[in-house]
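Report on one structure; see the data block that follows.
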Protein chains: 2
Amino acid sequence: MKSEINVVIVDDQNLVRQGIIRLFEDHPHIKVVHEASDGVEIINWFKETKNKIPVDVVLMDMQMPNMDGWETTEILVRKYKQLRIIGLSSYDNEAFVDRFIKNGGRGYLLKVQEMNEVVSAIEQVAELGYYVSERVPLTKIQDFLRKTVLLPAFNTSVLSDQEIKVVQLICQEKTSQEIADILFVSKKTIESHRDRILTKINARNMVGIALYAVKHNLVKFS
Amino acid sequence: MKSEINVVIVDDQNLVRQGIIRLFEDHPHIKVVHEASDGVEIINWFKETKNKIPVDVVLMDMQMPNMDGWETTEILVRKYKQLRIIGLSSYDNEAFVDRFIKNGGRGYLLKVQEMNEVVSAIEQVAELGYYVSERVPLTKIQDFLRKTVLLPAFNTSVLSDQEIKVVQLICQEKTSQEIADILFVSKKTIESHRDRILTKINARNMVGIALYAVKHNLVKFS
DNA sequence: GGTGATTTGAGGGTTAACCCCTAACTAAAT
DNA sequence: ATTTAGTTAGGGGTTAACCCTCAAATCACC
């Protein structure tokens, strides 16, 4: 007989959240102890309950308003290091998975997957501490899990931190001069960065950079 | 007592689809007669069954691989004019709603909504033929429903057709000269269009145009 | 039939983007 | 210990983007 697992679900979409909770009825050893509809809500709930209610696994949607799944995971894991969070998303974008694992996530599920896969993931994360889906680019994640155990910092994007900053400012329709002023460096430095970014992502101009930023979730959308 | 409504659900995300089906158990007058995971699948199902199975309402996800909800709706409505399709999406983007209604959709629901709202929508669409959610920009849709009955064609975006073409080519990292060559007009014309677009959408440069295009679904993503 | 939006196109100007090059310093990887 | 990647920065050049004005033809709307 399987031991009981206490699960918290975070998803802003009521339909999806309620549906998943209902589907858990077929798996009585998984107990949904709490549900929340965004990052801020779940962080506050953890603060309030302070380990009064045991939580084994958090099932967290990535795309949420106010505070998204990545940010929320980062904050929760920093505060509750033992917490095991499984990411849930519509997209199997590599950059999404990478960033989530980097932020402390233990597994990544897609909404196209079947309920029994979700249950396996939860069981595996509760038992072993991590879960790797077969639907998600494998080698990358396993590399990640290995390296995140061994190494503290690790770069996920082909772009460096500084380059990402430049990309984000470009997406705010800033000129090179303005970006230079914001980052306290020379305009020539920003131009170097821009040229380097264009080469790296194989783009022709700022439009290519902007669309790359969207594709790789480097900019937020309303 | 409520009369029975036959519903088909189209959503590529198994978790979401199964969850919603389960939630319908609380509403026994709604009978899920079929489920499909993408546009091609549901179109084939309709071809095969050819009115053998009665369908009152289709609940269709917008974001799907292979063939998305918009395209699928357009094709189904053209073939089965009496078909009442409710759109289901994560996004309350005006352009999304507009395009869906324009393609023949009868109502638009968000995944953040509660199950009882979904049920009301289905009931209303089955009875009256359309449903307008209070969570969705109202006036626009009602305008639309009114005008799509009266008028054949209708412009949805603030941008004109030609301007949208220019935007899409800009998003392919084309220069004004290249766009001019593609559209067989003068470079000066494209510059006029570009300047006009910048003013209309209140952007500073091409990056603003690119991000506007993404936000308003004028460009497709992998 | 006039009004407004669209499409087309031109003249002429400024500047930022784009495209080369080099180069020094740093930090991390092998 | 040497290579590789990143950050910094400059020199110098070309061109596309950006910004202004003007204007004619077309089209839909009232």
Side-chain angles (χ1 to χ4, degrees), chain A residues 102 143-144 146-148 150-213 218, chain B residues 143 146-148 150-213 218:
Chain A
K102 194 184 173 188
D143 275 2
F144 247 95
R146 192 162 25 79
K147 291 194 184 176
T148 40
L150 302 170
L151 300 165
F154 195 74
N155 256 333
T156 158
S157 173
V158 287
L159 298 183
S160 69
D161 289 352
Q162 193 74 354
E163 284 163 350
I164 288 175
K165 274 184 203 161
V166 173
V167 167
Q168 287 167 339
L169 288 165
I170 286 173
C171 287
Q172 287 168 33
E173 299 180 69
K174 301 263 193 280
T175 64
S176 294
Q177 185 59 61
E178 287 168 348
I179 296 171
D181 292 342
I182 291 167
L183 298 179
F184 299 108
V185 290
S186 149
K187 179 187 164 190
K188 270 293 177 188
T189 303
I190 301 303
E191 286 179 341
S192 287
H193 283 311
R194 188 184 16 72
D195 291 353
R196 196 180 173 75
I197 293 164
L198 286 175
T199 310
K200 272 190 178 180
I201 68 175
N202 195 30
R204 276 180 82 182
N205 54 35
M206 317 279 272
V207 169
I209 294 179
L211 296 177
Y212 174 92
L218 300 178
Chain B
D143 274 3
R146 193 160 27 78
K147 291 195 183 174
T148 41
L150 302 172
L151 299 165
F154 196 73
N155 256 333
T156 158
S157 172
V158 288
L159 299 182
S160 68
D161 289 353
Q162 193 74 355
E163 284 163 352
I164 288 174
K165 274 183 202 160
V166 173
V167 167
Q168 286 167 341
L169 288 164
I170 286 173
C171 288
Q172 288 169 32
E173 299 180 68
K174 301 265 192 280
T175 64
S176 293
Q177 185 59 62
E178 288 168 347
I179 296 171
D181 293 343
I182 291 167
L183 298 180
F184 299 107
V185 290
S186 149
K187 180 187 166 191
K188 270 294 174 187
T189 303
I190 300 303
E191 286 178 343
S192 283
H193 283 312
R194 197 200 44 219
D195 290 355
R196 194 179 175 76
I197 293 164
L198 287 175
T199 309
K200 271 190 178 178
I201 69 174
N202 196 28
R204 277 181 81 183
N205 53 35
M206 318 279 272
V207 169
I209 295 179
L211 296 177
Y212 174 92
L218 301 178

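Letters A, B, ... are given to chains in the order of the sequence lines, protein chains preceding strands, and every chain is numbered from 1. Just so you know, these numbers come straight off a predicted model, no measurement behind them.
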Could you list the protein-to-nucleotides 24-28 of chain D atom pairs, N/O on both sides, closer than 3.5 Å?
none

Point to revise | Short side-chain N/O contact from A:Thr189 to OP1 or OP2 of D:dT8, under 4.0 Å | key: no

Point to revise | Heavy-atom pair of closest approach, residues A:Ile179 and A:Val166 | key: CD1-O, 4.2 Å

Exercise for review: Return no unless some side-chain N or O of A:Thr175 is found under 4.0 Å from OP1 or OP2 of C:dT15.
Suggested key: no

Practice item. Please report, rounded to the nearest Å, how far the P atom of D:dC18 is from the CD1 atom of B:Ile190. Key: 14 Å

Check your understanding: Has A:His193 got a side-chain N or O lying under 4.0 Å from the OP1 or OP2 atom of D:dT8?
Key -> yes

Review point. Quick one: on DNA chain C, does A:Ser176 or B:Phe184 contact a more 5' nucleotide (nearest heavy atom)?
Key: B:Phe184

Point to revise | Interatomic distance, B:Ile170 CD1 vs D:dA17 C1' [rounded to whole Å] | key: 10 Å

Practice item. Under the side chain to side chain donor-acceptor pair (under 3.5 Å) rule, collect the residues that match up with B:Lys188, sequence neighbours excluded. Key: B:Glu191

Revision key, fill the gap. Per-nucleotide protein contact along nucleotides 19-24 of chain C, 5' to 3', at a 4.0 Å heavy-atom cut-off (B base, S sugar-phosphate only, - neither), is B-----

Point to revise | Secondary-structure notation, DNA chain D, from Watson-Crick and G-U pairs under 3.5 angstrom (| other strand) | key: |||||||||||||||||.||||||||||||

Practice item. Ignoring backbone atoms, establish whether B:Ser186 has a side-chain N or O less than 4.0 Å from OP1 or OP2 of C:dT8. Key: no

Review point. Once you round to the nearest 0.5 Å, how far does CD1 of A:Ile197 lie from OH of A:Tyr212?
Key: 9.5 Å

Exercise for review: Could I get the full list of side-chain contact (heavy atoms from CB on, under 4.5 Å) partners for A:Arg196, not counting sequence neighbours?
Suggested key: A:Glu163, A:Lys200

Exercise for review: Go through the structure and list residues passing side chain to side chain donor-acceptor pair (under 3.5 Å) with B:Asp195, not counting sequence neighbours.
Suggested key: none

Revision key, fill the gap. Distance col, row A:Thr175:OG1 vs A:Ile170:CD1, nearest 0.5 angstrom, shows 10.0 Å

Check your understanding: Hey, what do you get for CD1 (A:Ile182) to NZ (A:Lys165), rounding to the nearest 0.5 Å?
Key -> 12.0 Å

Check your understanding: What is the distance, rounded to the nearest whole Å, between atom CD1 of A:Ile179 and atom C1' of D:dA9?
Key -> 16 Å

**Study point:** Gap between atoms CD and P, on A:Glu178 and C:dT15 respectively (whole Å)
**Key:** 14 Å

Check your understanding: In whole Å, what is the span from the NZ atom of B:Lys187 to the C1' atom of C:dT8?
Key -> 16 Å

Practice item. Would you check if the side chain of A:Gln168 reaches a backbone N or O of A:Leu218 as a donor-acceptor pair within less than 3.5 Å? Key: yes

Point to revise | salt bridge (Lys or Arg N to Asp or Glu O under 4.0 Å) contacts touching residues 166-183 of chain A (sequence neighbours left out) | key: A:Glu178-B:Arg204

Check your understanding: Rounded to whole angstroms, how far apart are CD1 on A:Ile209 and C1' on C:dA16?
Key -> 14 Å

Check your understanding: Atom CE in A:Met206, atom CD1 in B:Ile209: separation rounded to 0.5 Å?
Key -> 12.5 Å

Practice item. Choose from D:dC18, C:dT7, C:dC18 the nucleotide whose nearest atom is closest to any side-chain atom of B:Ser160. Key: C:dT7

Hey, what are the protein-to-nucleotides 3-5 of chain D N/O distances that come in under 3.5 Å?
none

**Study point:** A:Gln177 CD - C:dA17 C1' separation (whole Å)
**Key:** 13 Å

Point to revise | Distance in angstrom units between A:Asp161 CG and D:dT7 P, rounded | key: 7 Å

Point to revise | Rounded distance (nearest 0.5 Å) linking atom CG of B:Leu169 with atom NE2 of B:His193 | key: 11.5 Å

Review point. If we take the P atom in both C:dC19 and D:dC18, what is their distance in whole Å?
Key: 15 Å

Exercise for review: State, to 0.1 Å, how close A:Val207 and B:Ala210 come at their nearest heavy-atom pair, and which atoms those are.
Suggested key: CG1-CB, 3.9 Å

Study note, to complete from the structure: Separation between OG (B:Ser186) and CD (B:Gln177), nearest 0.5 Å, reads 8.0 Å

Practice item. Apply side chain to side chain donor-acceptor pair (under 3.5 Å) to B:Ser176 and list each qualifying residue two or more places apart in sequence or on a separate chain. Key: B:Arg194

